[in-house]
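Here is the structure we will look at, set down as structure tokens.
Just so you know, these numbers come straight off a predicted model, no measurement behind them. Each ligand, and each atom within it, is numbered from 1 in the order the structure gives. Every heavy atom of this structure was used, including side-chain atoms; hydrogens, water molecules and symmetry mates were not.
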Amino acid sequence: MTGGPEAASLAAAGPNRLARMAERVLVTGGAGFIGSHTCVELLAAGWDVTVIDDLSNSSPEALRRVEELAGRSLRFVEGDVLDEAALERAFGDGGCAAVIHFAAKKAVGESCVDPLGYYRTNVAGTISLLRAMRRHDVRRLVFSSSATVYGDPGPGACPLAESAPLRPSNPYGQTKLCVERMLRDLAASEEDWRILSLRYFNPAGAHPSGRIGEDPRGLPENLLPGAMQAAVGRLPELRVFGTDYPTRDGTAIRDYLHVVDVATGHLRALDRLPAVNGCSEYNLGTGRGVTVFEVLEAVKRASGREIPAVLEGRRQGDATEVWADPSLAGRDLDWTAERGLDDICADAWRWQKANPEGYGS
Ligand code: UD1
């Protein structure tokens with residue numbers, strides 16, 4: 001998991017890939033769910049990749065499988081973005097053209113119990129990274145933001161454009177908005193920063209190989225991993241939170257997008273960075289809203305199994321409806337989500353069935 005690209009395979013890949021040979025991207029949190037899928041696509045596109053990850057919510061096995069899928073190695077530095085020495089090691093070999101910053105905490109419930117831990121990792125961690133970038137004269141960044149910055153948009157507000165009101169409803173969401181604003185201030189204060197923040201709606205699914213996927217520690221908080229674990233028998237049942245929403249079947253509506261589409265969104269953003277003036281934000285979503293029951297039907301189709309479900313009251317803080325207007329990313333980044341709900345469920349099921357205990361299987 002060390003060393004540079006395999007020059008022989010690159011040479012065979014043709015001139016476009018050779019043109020990329022000098023370009024290295026640093027990926028923070030690259031062993032995580034979205035990070036690992038993005039690393040596969042980066043390596044396949046000819047980027048050299050350094051990952052810095054503290055493995056607090058991820059597994060080194062994910063990185064081994066990334067290399068296996070891409071047929072290339074990456075450089076791995078185990079460490080926290082708050083640790084200056086670890087960042088120095090990550091930037092150490094020079095030649096880094098840009099950074100993709102995923103490393104963060106992301107559990108809404110936990111953020112309400114431990115807000116300082118969230119501000120420390122997500123906000124102070126980003127400050128630490130930006131200072132290291134400046135030391136190494138790297139000023140191109142793609143930041144992992146979230147549709148959580150919109151909070152509960154209320155009735156009739158969807159699809160949500162980037163100009164929609166920003167009012168996160170929990171500390172996790174506040175940390176994402178805080179970083180977005182900090183990045184804007186930084187780009188306004190110094191020339192040469194080129195920054196894109198990507199607001200993901202609901203990333204889900206897995207790599208179509210079934211080799212890498214989502215591996216939540218403890219009980220899954222999100223719908224797709226919960227439904228998959230119920231389908232495979234790892235969880236006794238899925239709890240459906242709220243059946244009295246004013247929607248077509250009473251359950252809440254979200255915009256689920258395939259994690260490989262999220263990954264390709266980062267490649268498009270990297271390609272776009274040289275032309276970016278300062279800092280901008282883009283939605284990554286499909287533009288289609290789907291209910292919880294519709295997701296469960298799709299999981300049933302993909303798995304061929306009944307999903308044991310219990311109907312419960314609403315989960316505190318959940319919105320009725322959150323889905324994207326992704327047209328700005330279509331126009332400026334030349335990106336649209338290519339995969340639908342059935343692809344998400346088929347790929348997530350392939351991963352779940354082959355790895356019922358995740359990377360610990
Ligand atoms: C959640 C986070 C959001 C984060 C996103 C990451 C909240 C309030 N928001 O969004 O900040 O960016 O995950 O993907 O937690 N559901 C069930 N049963 C379950 C789990 C979920 O019925 O076991 C329902 C939820 O009530 C919701 C829908 O499924 O209506 C989607 O839930 P989830 O996957 O947790 O995503 P979000 O709540 O949209």
Practice prompt. Decide whether the shortest distance between a heavy atom of Val322 and an atom of ligand 1 is less than 4.0 Å.
Written response: no
Worksheet item: Quick one: which ligand 1 atoms are inside 4.0 Å of a heavy atom on Ser146?
Response: 12 (O)
Worksheet item: Does Phe293 come within less than 4.0 angstrom of ligand 1, counting non-hydrogen atoms of the residue?
Response: no
Worksheet item: Do side-chain atoms of Gln174 reach the backbone of Pro171 as a donor and acceptor pair under 3.5 angstrom?
Response: no
Fill in: Residue and atom name of the nearest protein heavy atom (relative to atom 1 (C) of ligand 1), distance in Å to one decimal
Asn222 ND2, 3.7 Å
Worksheet item: Can you list the ligand 1 atoms lying under 4.0 Å from a non-hydrogen atom of Arg239?
Response: 17 (C), 18 (N), 19 (C), 22 (O), 23 (O)
Practice prompt. Please check if any side-chain donor atom of Ser145 sits under 3.5 Å from a side-chain acceptor atom of Glu180, or the reverse.
Written response: yes
Discussion item. Among Asp255, Asn202, Val295, Val149, which one puts a heavy atom closest to atom 10 (O) of ligand 1?
Written reply: Asn202
Discussion item. Between ligand 1 and Ala252, can you find any atom pair, the residue atom being a heavy atom, that is separated by under 4.0 Å?
Written reply: yes
Worksheet item: Nearest protein heavy-atom contact for atom 3 (C) of ligand 1: which residue, which atom, what distance?
Response: Val108 CG2, 4.1 Å
Worksheet, complete the sentence: Per-atom filter on ligand 1: closer than 4.0 angstrom to a heavy atom of Asp318 are 8 (C), 25 (C), 26 (O), 27 (C), 38 (O)
Worksheet item: What about Phe241: any of its N or O atoms under 3.5 Å from an N or O on ligand 1?
Response: yes
Worksheet item: What atoms of ligand 1 come closer than 4.0 angstrom to any heavy atom of Val240?
Response: 22 (O)
Worksheet item: Relative to ligand 1, is Tyr256 under 4.0 angstrom through side chain, backbone, both or neither, heavy atoms considered?
Response: side chain
Discussion item. Using a 4.0 Å cut-off to any heavy atom of Leu238, which atoms of ligand 1 qualify?
Written reply: 23 (O)
Worksheet item: Just by distance, with hydrogens left out, do Asp114 and Tyr119 show a side-chain donor and acceptor under 3.5 Å apart?
Response: no
Practice prompt. Please write down residue, atom name and distance for the protein heavy atom closest to atom 39 (O) of ligand 1.
Written response: Arg254 NE, 2.6 Å
Item to complete: State whether the shortest distance between N or O atoms of Leu223 and N or O atoms of ligand 1 falls below 3.5 angstrom.
Response: yes
Worksheet, complete the sentence: The protein heavy atom nearest to atom 32 (O) of ligand 1 is Arg315 NH2, 3.6 Å
Worksheet, complete the sentence: Atoms of ligand 1 under 4.0 Å from any heavy atom of Tyr172, numbered from 1 in the order shown, are 11 (O), 12 (O)
Discussion item. Would you say CZ of Arg131 has more than 12 non-hydrogen atoms from neighbouring residues, nucleotides or ligands within 6.0 angstrom?
Written reply: no
Discussion item. I'd like to know if Arg199 pairs up with Glu162 as an ion pair, taking the criterion as any Lys NZ or Arg NE/NH1/NH2 lying under 4.0 Å from an Asp or Glu carboxylate oxygen.
Written reply: no
Practice prompt. For the residue pair His207 and Asp347, confirm or rule out a side-chain donor-acceptor distance under 3.5 Å.
Written response: no
Worksheet, complete the sentence: In ligand 1, the atoms that come under 4.0 Å of a heavy atom of Thr148 are 11 (O)
Worksheet entry | Proximity of Glu221 to ligand 1 by residue part, where a heavy atom lies under 4.0 Å | backbone
Worksheet entry | Nearest non-hydrogen protein atom, atom 24 (C) of ligand 1 | Val292 CG2, 3.9 Å
